[in-house]
Amino acid sequence: MDGNLRKYFGRLTGGMAAMAAFSLLVVAAPASADAGDEVPVGTRLAARTHPAVQLTSITYSGEVVVPSSRAKEAAWDQLTNDATRAVLAGKIPSDERSIAKFLFQRVAADVDRYLQPVGPERTVKAQVGGMCTGWWVTPDGYMVTGAHCVEMSNEELSQTFAQQALEKFNKQDAKDMINALRNFEADKEMVELVQQIYVTFNSTHLEIRGLRKSLSVLQSLPGGGVDKTAKEVPAELVSVGESYPGKDFALLKVNGRQNLPTVPLGDDADVQTGDTLYISGFPGLVTNTPWFSLESKLDPALTEGPYNAKRTTQEGVPYIQTQAPSYHGNSGGPVFSRAGKVVGMLIAGTVSENGEASENESFVLPVSIIKEKLNEKNVKPAASLTTTKYNEALDDFFQRHYKDALPKFREVQALFPSHPYVAKYITDSQQAISSGKDETPQPVWLWVAIGAGGLIVVGGGVLLLLLMRRRRKTSSSRQGQSPSPAYGGPYPGVNGGGYPAQVGGGYDWQPVNGQVLHELPGLPQGWQPQSLPTANGNQPGRAGGGYEAARSHDHDPQRPGGGYDPQRPDGATQYVRPAPSPYGQQRSQAAAGQGPADSGAPDVADLEREIAELRRQLQHRQPEA
């Protein structure tokens, strides 16, 4: 193959490879989702983090003991005299309802001045508590939440028990006091005023005996799905800090767990003023209302808002102020950056005079404090295999690669059977595949195989075309060119006759002066061919005294004597290929009666003797300068 053809074929092959690679890109491109069809940050973040966000519960139980009440006679006599003087002075109307309202308002303002505790004691078993938000930081069950979510002060306990356990006593005591006023018909306003008197008295004098506290996390049973199968799983309190405005942090441990979903921790520097923060948790306005199903109550809510400012309490504890809405029950919930890492924990919000939370002022404990508290207990946050596989599956799902996502979701379900959301994603993926919405790209190895196959087909076609074109050129050359002059000359034989030099007898070819010399054994190194005189005067290149170099291996029966065309050289070196010997043909012609037996065709024995004599003469010949 000559140099120009080799270069051309190399360029052609490289071009075909580039075309094949480009075709792979073109074919594979439609498999991906449209660039403009982006999944919202909140949607992706909620899907990734909600499995690790759990509803926590704190429960106090015990016996509530409340004494009976009795009026202090001296104080009531003084109160009656004050009411009489007020009527006489015209400060209050003289009707019975106005006088009773005056009395009850004065008692409610200072209950212990007019009432005193006496026997018998009244006892009721009660259970109170509250709900907050927590989140897993390790696969084996360590959970972070707020300190005020796991502990209540004595004052808070009394108020909570009074509100939830003493309602029956309060109503009964108010009824007894109204009945003591003979022939007095109290309206709704008057009943509520008297009940408030006993709410204050009973709350002040109650006693809690046999108090017990329990912490738990609400989780679903195996099978997945946050529904009515959810149950309370006991949790152990490992560490607790100071309630707000201190380092409001608590660490829980649920034993016997593995492969739990987790969320990653970021750094304080991940967010700054103006960045969007995302709060995940369980608002009490949902969990404490009877209007929503349990399934709805156990699904976290995601709110978002800007990072407003960094604050510091008088105790020197840093807090982040944000406008992301939060409510009672959100306490302890993780706060995420746009990248999906925890940058803090929701602790507090401003509350109006009537106890309603303000949506535009929430306070977040920075993640640096959380890390500090975890280090104190040598707890190392870690991503679970469940979370890793789940996030990979979500990435495929949101790209509509449902066939890739489905086996990964099933692997998540095997790793963590109680996963609250994976069952739904499995169903959604199956439905998307069935409805023809899947856009999963083919495996890379398949595209490579297709490209390689295409390259082979294209390359084979081009090679076949080149061979066909070359054959046509070769045929044209045969018809338009004359034979090349004979290469070399006749050598003297024993009988004075010349014979063609043998070609293709197993000897090496050596190029000399741009041509190729057929080297015989015993030939001195560097020897070059020379024309030797013939015994019968034949000139080189003439019939009977020499031979013509072969043009091709193809025998042309139309030429006289069955001659051969010179072979076309392949390259710049111009190697000449071996051509068939004419001896066999001459003997065949003689044997077939094409000429007399003694027409000059050499005998085999004579040829062998001539060759031997030629070798002997050449061995004694010295190379010429």
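Computed from heavy atoms alone, side chains included, the values below leave out hydrogens, waters and symmetry copies.
Ring planes of Phe201 and Tyr198: perpendicular class, angle over 60° (limits at 30 and 60°).
To the nearest 0.5 Å, atoms CD1 (Ile279) and CZ (Phe336) are separated by 10.5 Å.
When each of Val124, Leu166, Leu157 is paired with Leu206, the side chain to side chain contact (heavy atoms under 4.5 Å, CB included) condition holds for Leu166 and for no other. In summary, of the residues considered (Thr322, Ile347, Val335), a side chain to side chain contact (heavy atoms under 4.5 Å, CB included) with Ser362 occurs for Thr322 alone.
Partners of Glu372 according to the side chain to side chain donor-acceptor pair (under 3.5 Å) rule, which considers only residues two or more places apart in sequence or in another chain, are Lys247. Taking Tyr244 as the reference, Tyr319 meet the ring-ring contact (aromatic ring centres under 6.0 Å, His included) condition, with sequence neighbours excluded.
Atom CZ of Arg85 has more than 12 heavy atoms from other residues, nucleotides or ligands within 6.0 Å. The environment of CG in Asn154 is sparse: at most 12 heavy-atom neighbours from other residues, nucleotides or ligands sit within 6.0 Å. Open room surrounds CD on Gln258; 12 or fewer heavy atoms of other groups in view lie less than 6.0 Å from it. Applying the 6.0 Å contact sphere to NZ of Lys310 captures no more than 12 heavy atoms from other residues, nucleotides or ligands.
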Hey, can you pull the donor-acceptor pairs under 3.5 Å for the side chains in residues 389-397, sequence neighbours left out?
residue: Asn391; atom: ND2; partner: Thr387; partner atom: O; Å: 3.4
residue: Asp395; atom: OD1; partner: Arg48; partner atom: NH2; Å: 2.8
residue: Asp395; atom: OD2; partner: Arg48; partner atom: NH2; Å: 3.3
residue: Asp396; atom: OD2; partner: Lys408; partner atom: NZ; Å: 2.7

Check: residues 373-381 side-chain donor-acceptor pairs under 3.5 Å, at least two apart:
residue: Asn375; atom: ND2; partner: Lys371; partner atom: O; Å: 3.2

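Using a 4.5 Å heavy-atom threshold, the side chains of Asp248 and Ser243 count as touching.
Evaluation of the side-chain hydrogen bond (donor to acceptor under 3.5 Å, both in side chains) test over residues 71-80, restricted to residues two or more places apart or in two chains, returns Gln78-Asp82. The salt bridge (Lys or Arg N to Asp or Glu O under 4.0 Å) pairs that include a residue from residues 107-122 are Glu121-Arg209, Arg122-Asp173, where partners are two or more places apart or lie in different chains.
A pairwise comparison of heavy atoms in Asp268 and Val343 identifies OD1-O, 4.5 Å as the closest pair.
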